[in-house]
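Just below is one structure, and these are the notes that go with it.
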Amino acid sequence: MSSTEYRDLGRALCIITGASRGFGRTIAWNMSRLVKPGSALVLVARSGDDLRALQAELAESEAGRVGLVVECVVADLGQADGLEAVVRRSQDSFSEDIDHIILVNNAASLGDVSRYVKSFTNMAEVDSYLSLNVTSSLCLTASILQAFPQCPGLRRTVINITSLCALQPFRSWVLYCTGKAAREMIFRVLAEEEPDLRVLNYSPGPLDTAMQMVARSRTADPTVRKSFSDMFAQGQLLTCEDSCAKLMKVLLDDNYTSGAHIDIYDL
C-alpha cells in the first residue's frame with residue numbers, strides 16, 4: 001500500500017506554470033488526483049494547443065467527472081499582461097470552500113547553452129531571459145500572495161521547481177545557472193519573511209524531457225555535454241512521473257523546513 005494513500009492536498013486552488021508539457025504537465029495530473037472534489041487547477045503556458053489538450057484530458061478524468069474545475073491561461077509570463085491574466089483567472093476560480101492555495105513556479109527556459117559567459121554582451125538578451133525565468137516568478141508569487149492573503153482556515157504553499165544548477169556552476173550554462181540560483185534565493189527569502197507560508201524548492205533531477213535533448217545536442221562545453229549524453233546512454237535520466245511522485249509525497253508529508261532545497265536524490 002502506498003504511503004500516500006488516503007491522503008490529499010485538501011480542497012485546493014492549484015496554479016501551475018509551464019503546465020502544457022514535461023514536468024509541469026505531470027504535476028497537473030498528479031495534483032488532480034490528490035485534491036478533493038470542488039478543487040480547481042489553473043494551468044498556465046505559452047502553448048495554447050497543448051494546454052487545451054491537457055484541459056480536455058483532465059476534464060474527462062475521474063477527478064474531472066467528480067467536479068474538478070480546470071482553467072487554462074495561455075500567457076507569456078515574461079509580460080505584465082500575462083501575469084495579470086493568471087491572477088484574474090485564479091481569483092475567478094476561487095471559492096469560499098477552497099482551503100489550500102498551491103502555486104507551482106515550474107515555467108522556465110534553458111537559455112542559449114551553446115556559448116560561454118564572455119559572449120553575453122547584449123543586455124537586452126540577458127534581460128529577456130531573466131524576465132521570464134526570475135522576474136516573472138517573483139512578481140507572480142507576490143501577486144498571488146496579495147490576491148489570497150493569509151486568513152484562518154486557508155493554507156498557502158509555494159513551490160519553486162529548482163535544479164542542481166542553482167547550487168553548482170555548469171560551464172556554458174550561465175543563463176540557466178544564474179536564473180535558477182536567483183530564483184531559489186527569492187523563495188528562501190520569502191520563507192524567512194512569511195512564517196505562515198509553506199515554501200519548497202524542489203529539484204526534480206535530470207528528467208527525460210525535451211530540455212535534456214537540447215542539453216545533449218547544443219551545450220558548448222564538451223565535458224558538460226558528454227555528461228548529459230552519458231546519462232542518457234546509460235539510462236540514468238528520470239521519468240517525470242517518478243520524480244513527481246516524490247514531490248507529491250513531500251507535499252503530503254509536509255514535514256520539510258520551509259524554504260529548503262530538497263533534491264530528489266535526498267528522498
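Numbers for residues simply follow the sequence, beginning at 1.
In E62, the CD atom is not crowded: 12 or fewer heavy atoms of neighbouring residues, nucleotides or ligands sit closer than 6.0 Å. For Y256, the OH atom sits in a packed shell: over 12 heavy atoms of surrounding residues, nucleotides or ligands are nearer than 6.0 Å.
R225 approaches A220 most closely through the heavy-atom pair NH1-O, 3.4 Å. Minimum interatomic distance between I98 and G38 (heavy atoms only, all atoms of both residues): CD1-O, 3.9 Å. The minimum heavy-atom distance linking L110 with A215 is given by the pair CD2-N, 4.3 Å. Looking at every heavy atom in both residues, S39 comes nearest to G10 through OG-O, 3.6 Å. Closest approach of A19 and L43 over heavy atoms only: CB-CB, 3.9 Å. A pairwise comparison of heavy atoms in G18 and A107 identifies N-CB, 3.6 Å as the closest pair.
At least one side-chain heavy atom of D253 sits less than 4.5 Å from a side-chain heavy atom of R7. L68 places a side-chain heavy atom less than 4.5 Å from the side chain of L41. Within the 4.5 Å cutoff, side-chain heavy atoms of F187 are placed close to those of T141. Taking 4.5 Å as the limit, every side-chain heavy atom of S172 sits out of range of all side-chain heavy atoms of R115. Side-chain atoms of E184 and K180, non-hydrogen and from C-beta on, never get closer than 4.5 Å to each other. Using a 4.5 Å heavy-atom cutoff, the side chains of I262 and V250 are in contact. Within the 4.5 Å cutoff, the side chain of I16 has no heavy atoms near those of the V44 side chain. Under the 4.5 Å side-chain criterion, counting only non-hydrogen atoms from C-beta, V74 is not in contact with R46.
Under the 4.5 Å side-chain contact rule for hydrophobic residues, I264 and L251 share a cluster. Cluster membership check: V86 does not share its hydrophobic cluster with I159, using side-chain heavy-atom separations under 4.5 Å among Ile, Leu, Val, Met, Phe, Trp and Tyr. Note on V66 and L58: separate hydrophobic clusters, where clusters join Ile, Leu, Val, Met, Phe, Trp and Tyr whose side-chain heavy atoms are under 4.5 Å apart, directly or indirectly. At a threshold of 4.5 Å between side-chain heavy atoms, the hydrophobic network of Ile, Leu, Val, Met, Phe, Trp and Tyr places I161 and V73 in two separate groups. The same ILVMFWY cluster, assembled from side-chain heavy atoms under 4.5 Å apart, contains both M31 and L247.
Rounding to the nearest 0.5 Å gives a distance of 5.5 Å between CD1 of I27 and CE of M248. With rounding to the nearest 0.5 angstrom, the CE atom of M211 is 11.0 Å from the CZ atom of R21. One finds the CG atom of N106 at 14.0 Å from the CD1 atom of I15 (value rounded to the nearest 0.5 Å). Here OG1 of T219 is found 11.5 Å from OH of Y176. Values are rounded to the nearest 0.5 Å. The distance from atom CG of N133 to atom OG of S137, rounded to the nearest 0.5 Å, is 7.5 Å. Put simply, CZ on R198 and CG on D254 are 4.5 Å apart, with the number rounded to the nearest 0.5 Å.
Aromatic ring centroids of F228 and W173 lie under 6.0 Å apart. Taking the ring centroids of F94 and F148, they lie under the 6.0 Å cut-off.
Cation-pi check for R171 over Y116 is not met; the charged atom does not lie both under 6.0 angstrom from the ring centroid and within 45 degrees of its normal.
The backbone N or O of R155 sits nowhere less than 3.5 Å from a side-chain atom of H100 that would complete a donor-acceptor pair. With hydrogens and angles ignored, the 3.5 Å screen pairs a side-chain donor or acceptor of D112 with a backbone N or O of S114. Remark: side-chain polar atoms of R11 are paired, donor with acceptor, to backbone N or O of P37 under 3.5 angstrom. At distances below 3.5 Å, not a single donor-acceptor pair connects side-chain atoms of T178 with backbone N or O atoms of L175. In this structure, the side chain of T257 does not engage the main chain of A260 through any donor-acceptor pair within 3.5 Å. Under the 3.5 Å distance criterion, the side-chain polar atoms of S143 are matched with a main-chain donor or acceptor of C139. Side-chain atoms of S163 do not come within 3.5 Å of backbone N or O of G205 as any donor-acceptor pair. Between the side chain of S131 and the backbone N or O of D127 there is no donor-acceptor pair closer than 3.5 Å.
No side-chain N or O of E71 forms a donor-acceptor pair with one of S93 less than 3.5 Å apart. Using a 3.5 Å distance cut-off with no hydrogens or angles, the side chains of D263 and S203 do pair a donor with an acceptor. No side-chain donor from either of N201 and R188 sits under 3.5 Å from a side-chain acceptor of the other.
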Let me have the donor-acceptor pairs involving side chains of residues 237-245, under 3.5 Å, with sequence neighbours excluded, atom names and distances please.
| residue | atom | partner | partner atom | Å |
| --- | --- | --- | --- | --- |
| T239 | OG1 | D242 | N | 3.0 |
| T239 | OG1 | D242 | OD2 | 3.2 |
| E241 | OE2 | N30 | ND2 | 3.3 |
| S243 | OG | Y202 | OH | 3.1 |
| S243 | OG | P204 | O | 2.8 |

Could you please spell out the steps behind the side-chain contact (heavy atoms from CB on, under 4.5 Å) verdict for I101 and V158? CA-CA 8 Å; I101 304 291; V158 177; over 6 Å; no
Passes side-chain contact (heavy atoms from CB on, under 4.5 Å), F232 versus S229? Steps please. CA-CA 5 Å; F232 174 72; S229 296; 5.8 Å; no
Please test L132 against D76 for side-chain contact (heavy atoms from CB on, under 4.5 Å), starting from the C-alpha separation and ending with a verdict. CA-CA 8 Å; L132 174 63; D76 180 354; 4.2 Å; yes
Between R183 and N160, does the side-chain hydrogen bond (donor to acceptor under 3.5 Å, both in side chains) criterion hold? Intermediate values first, please. CA-CA 8 Å; R183 197 153 121 173; N160 173 44; 2.8 Å; yes
Test C14 against V35 for side-chain contact (heavy atoms from CB on, under 4.5 Å), laying out the working first. CA-CA 9 Å; C14 307; V35 294; 3.9 Å; yes
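With respect to the salt-bridge test (charged N to carboxylate O, under 4.0 angstrom), the residues R52 and E57 do not qualify.
The other members of the hydrophobic cluster of V189, by chain and number, are M185 (side-chain heavy atoms under 4.5 Å, ILVMFWY only).
Each of E84, Q91, R89 was scored for a side-chain contact (heavy atoms from CB on, under 4.5 Å) with V87, with one residue passing: Q91.
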